[in-house]
Amino acid sequence: MSTAVHHAGSAALDIERIKRDFPILDQKIHGHKLVYLDSAATSQKPRAVIDALVRYYEHDNANIHRGVHTLSVRATEAHDEARETVRRFIQAACADEIIFVRSATEAINLVAQTYGRANVGEGDEVLITAMEHHSNIVPWQMLCEEKHAHLRVAPINNAGELELDAFEKLLSPRTRIVAVTHVSNALGTVNPLRKIVQLAHAHEVPVLVDGAQAVPHMPVDVQAIGCDFYVFSGHKVYGPTGIGVLYGKDEILAEMQPYQGGGDMISSVTFEKTTYNVVPYKFEAGTPDIAGAIGLGAALEYISKLGMDKIAAHEHDLLTYAAEKVGAIAGVHLIGTARERAGVLSFVMDSVHPHDLGTILDREGIAIRTGHHCAQPVMDRFGIAATARASFGVYNTREDVDALVEGIRKAQEVFA
Amino acid sequence: MTTELGDLYQEVILEHSKAPRNFRRPASANHEAEGYNPLCGDRCSIYIDMDGDKINEIGFQGSGCAISRASASMMTQMVKGKTKGEAVQLFEQFHNLVTGKDEAAKADDLGKMAVFGGVSKFPARVKCATLAWHTLQSALEDEKKQEAVSTE
């Protein structure tokens with residue numbers, strides 16, 4: 001058996017074959033086979049997604065919800081289908097609960113500026129965690145500043161896990177919303193969402209979940225999680241850039257004011273009064289990224305066909321292997337050692353700064369991310385300025401990890 | 001190591017990054033500035049004891065990669081005793097060197113700092129090499145900088 005094939009359930013994923021579905025991976029960087037270990041920054045795109053974009057622009061391109069002509073009908077149907085594909089992928093109750101936005105960042109800003117502005121007042125509190133990406137900190141900070149409200153931060157322990165007891169204590173009668181990541185982009189920690197939602201709902205506080213780093217790696221069921229909002233970006237889950245998703249419970253979305261004004265979000269307009277359209281269109285002003293939504297739909301269909309359970313099992317095996325191999329190198333320290341982890345391996349080295357490692361690995365054809373990963377408070381928590389981060393996608397193999405280990409050793413030689 | 005990597009991580013750069021010179025805050029410092037690269041979190045503080053127009057004493061502190069540490073270390077050695085105008089001119093030459101604008105700069109006044117010529121093959125690392133210099137420029141201009149100077 002090839003080491004690239006790992007058994008997950010009854011049938012294993014054939015990773016070498018999957019790799020061939022991603023045209024970009026078939027290239028050399030500085031004379032070495034590309035080893036792409038930066039999927040947490042953005043994933044590569046399978047042929048199915050690239051083809052869907054080309055097909056749309058070559059055959060179906062037109063504006064949606066407008067014309068009676070054939071192309072407009074086709075484009076509208078394809079856009080609607082993409083929304084239904086997203087619904088199915090995250091197990092939402094109905095497609096109207098799926099709002100297309102530019103990114104997870106825009107989705108969080110939308111909720112902060114609509115739900116947040118209507119429900120957070122002076123002296124109220126917004127509760128987040130110490131492992132959030134800047135995109136799940138700054139929109140809330142801006143809201144709190146405007147409303148003279150307080151941002152509360154639930155601490156994490158040395159392994160990078162949320163301290164649930166402290167989180168519970170921070171839920172107060174003034175808490176108006178909880179915003180928490182599903183998977184930490186800097187540490188890989190998977191948060192106990194059901195428990196978090198249960199605690200928040202016991203205080204009648206709604207929960208927004210940042211799922212940007214979760215949806216590529218595991219099956220997500222928003223109804224089972226019970227959260228009120230769930231957001232993610234298309235480009236991290238094998239789709240195009242420029243498209244993202246906001247899921248919101250129907251009854252909450254119906255009550256919320258629009259985010260932006262413009263075409264498509266209205267039922268009727270006069271100079272005296274405008275009546276807003278129903279959800280999801282109320283939140284989708286202007287011509288949307290039609291091709292992006294269709295591309296995202298193709299991406300979700302592609303990975304659904306592979307099977308999210310199998311992808312999760314494959315990546316779990318890979319991450320376990322990587323943590324073992326990289327963690328065993330003398331002078332390397334893993335940052336983030338939570339029991340439940342997914343997607344990323346963060347580490348620092350005694351003798352090599354992350355940037356120097358990044359440069360040396362690049363010359364070996366290996367792409368990793370180095371820096372603070374837009375999570376400076378996480379870096380501060382661990383008393384470091386930066387980490388090196390290897391992150392995984394469905395197309396990565398144990399050989400990729402072996403190449404990383406070899407590259408780390410080379411860097412150590414340079415700085416010996 | 002590939003030739004380009006070898007050019008980037010020359011022995012003298014590695015040596016300075018491991019044992020940086022003037023890595024301290026001189027007690028007599030009367031000018032200082034903090035530099036920050038928001039893309040990577042690198043920090044560099046420069047402290048100068050200015051005697052009129054002359055850099056009498058200089059030191060630095062902070063955290064960063066090998067390139068930024070070595071650049072700061074060698075810069076402090078190079079500008080000590082120079083005037084403000086001379087230091088600013090050296091920065092210009094150094095900047096041309098690391099961005100590949102001026103090959104001839106290697107042979108000129110930069111002396112030992114010519115080893116940073118290899119950086120020009122690594123555009124993503126230019127900011128690492130120039131952080132200390134940007135901070136120096138800021139420290140030369142103001143007695144006490146309130147805002148950290150940024151590479152962005």
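Letters A, B, ... are given to chains in the order of the sequence lines, protein chains preceding strands, and every chain is numbered from 1.
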For atom [atom1] of [X], is the number of surrounding heavy atoms from other residues, nucleotides or ligands below 6.0 Å larger than 12?
{"X": "R21(B)", "atom1": "CZ", "answer": "yes"}
{"X": "Q27(A)", "atom1": "CD", "answer": "yes"}
{"X": "E4(B)", "atom1": "CD", "answer": "yes"}

Q. Which atom names give the shortest non-hydrogen contact between K18(B) and A416(A), and what distance separates them?
A. NZ-O, 3.0 Å

Q: Might you point out which heavy atoms bring H355(A) and R125(B) nearest each other, and give the distance in Å?
A: O-NH1, 3.0 Å

Q. What part of Q376(A) is in contact with chain B, defined as an atom under 4.5 angstrom from a non-hydrogen atom: side chain, backbone, both or neither?
A. side chain

Q) What part of I360(A) lies closer than 4.5 angstrom to a heavy atom of chain B: side chain, backbone, both or neither? A)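 Its backbone and side chain both get close to chain B.
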
(Q) Can you list everything that forms a ring pair (Phe, Tyr, Trp, His ring centres under 6.0 Å) with H373(A)? Sequence neighbours excluded, please. (A) none

(Q) Counting heavy-atom pairs closer than 4.5 Å to chain B, which one of P354(A), A385(A), G371(A), G358(A) comes out on top? (A) A385(A)

Q. How long is the gap from OG1 on T359(A) to OH on Y9(B), to the nearest 0.5 Å?
A.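 Atom-to-atom, T359(A):OG1 and Y9(B):OH are 4.5 Å apart.
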
Q: Give, for atom CG of L8(B) and atom CZ of R363(A), the distance between the pair rounded to the nearest 0.5 Å.
A: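 Spacing of CG (L8(B)) from CZ (R363(A)) equals 8.5 Å.
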
Q | Close approach to chain A in residues 60-76 of chain B, criterion heavy atom under 4.5 Å | A | S63(B), G64(B), C65(B), A66(B), I67(B)

